[in-house]
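Notes to accompany the following structure.
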Amino acid sequence: GNSVTQMEGPVTLSEEVFLTINCTYTATGYPSLFWYVQYPGEGLQLLLKATKADDKGSNKGFEATYRKETTSFHLEKGSVQVSDSAVYFCALAVYGGKLIFGQGTELSVKP
Amino acid sequence: ETGVTQTPRHLVMGMTNKKSLKCEQHLGHNAMYWYKQSAKKPLELMFVYNFKEQTENNSVPSRFSPECPNSSHLFLHLHTLQPEDSALYLCASSPSTSGLSYEQYFGPGTRLTVT
């Protein structure tokens, strides 16, 4: 079946360090992959996406590359800020418009 | 208004009450979705509508009743809920349900507490 696995949180980092949040997936076919972010008290916002193998999605300093050989879509940022504190969700799209989400990774960035 | 809006933002209801959640999208999309977000659990897809027709019911109990009168509006009617139904209910929309590259746009959610 289709599934998404993210690294466990919470993740606590100091400002300006490198961030990686791991995401691996299991899917039939060639799904599109997404990262969403949820700030406290808000809904989910699309952060970036990739629609085929080797595509790199990027936005607001965040990047993720669609790796078919390792079935991964890890989220990275070179220098995190306090304002990046949020919950991050990896997701894949399957036919019928459905998104399959990972369990979310809470990130807390300290000044 | 822009994007996806949801009302109310917070709702407290007793187990015998009847209430409705409302979602409206201003993006010209044709597909709308209801999700349930509980603490420590992945988002659960509840219902999918495409061009006003329900295309997915993810084994949701009948105490949740969706309604989609047009492509811009989606309701979730609630009755005789249980305390375990307390959660954040998120609405989303997308251009349609066909294709794999369409992202979904989410509203801010309704925080529901069942007492």
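Side chains are part of it too, since the values below use all heavy atoms of this structure and drop only hydrogens, waters and symmetry mates. Chain naming here is simple, since letters A, B, ... match the order of the sequence lines and numbering starts at 1 in each.
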- Message: Is the distance from the ring center of B:Phe64 to that of B:Phe47 below 6.0 Å?
- Response: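 No, ring centres 6.0 Å or more apart.
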Classify the angle between the aromatic ring planes of [X] and [Y] as parallel (below 30°), tilted (30 to 60°) or perpendicular (above 60°).
X	Y	value
B:His29	B:Tyr105	tilted
A:Phe34	A:Tyr36	tilted
B:Phe106	B:Tyr35	tilted

- Message: Rounded to the nearest 0.5 Å, what separates atom CG in B:Leu74 from atom CG in B:Leu76?
- Response: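 Between B:Leu74 CG and B:Leu76 CG, I get 7.5 Å after rounding to 0.5 Å.
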- Item | Interatomic distance, A:Tyr88 atom OH to A:Cys23 atom SG [nearest 0.5 angstrom] |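 One gets 14.5 Å once the value is rounded to the nearest 0.5 Å.
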- Message: Report which part of A:Leu99 has an atom under 4.5 Å of a heavy atom belonging to chain B: side chain, backbone, both, or neither.
- Response: both
- Item | Proximal component of A:Gln38, with respect to chain B [non-hydrogen, under 4.5 Å] |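 Contact with chain B: side chain only.
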- Item | Short side-chain to backbone donor-acceptor contact, A:Tyr66 and A:Pro31, under 3.5 Å |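 Present.
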So for [X], is it side chain, backbone, both, or neither that comes closer than 4.5 Å to the heavy atoms of chain A?
X	answer
B:Gln37	side chain
B:Glu56	side chain
B:Arg9	side chain

- Query: For chain A, which residues from residues 83-95 of chain B have at least one heavy atom closer than 4.5 Å to it?
  - Reply: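 The stretch touches chain A at B:Leu88, B:Leu90.
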- Message: How about CD on A:Glu69, more than 12 heavy atoms from neighbouring residues, nucleotides or ligands closer than 6.0 Å, or not?
- Response: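 Enclosed: over 12 neighbouring heavy atoms sit under 6.0 Å from CD of A:Glu69.
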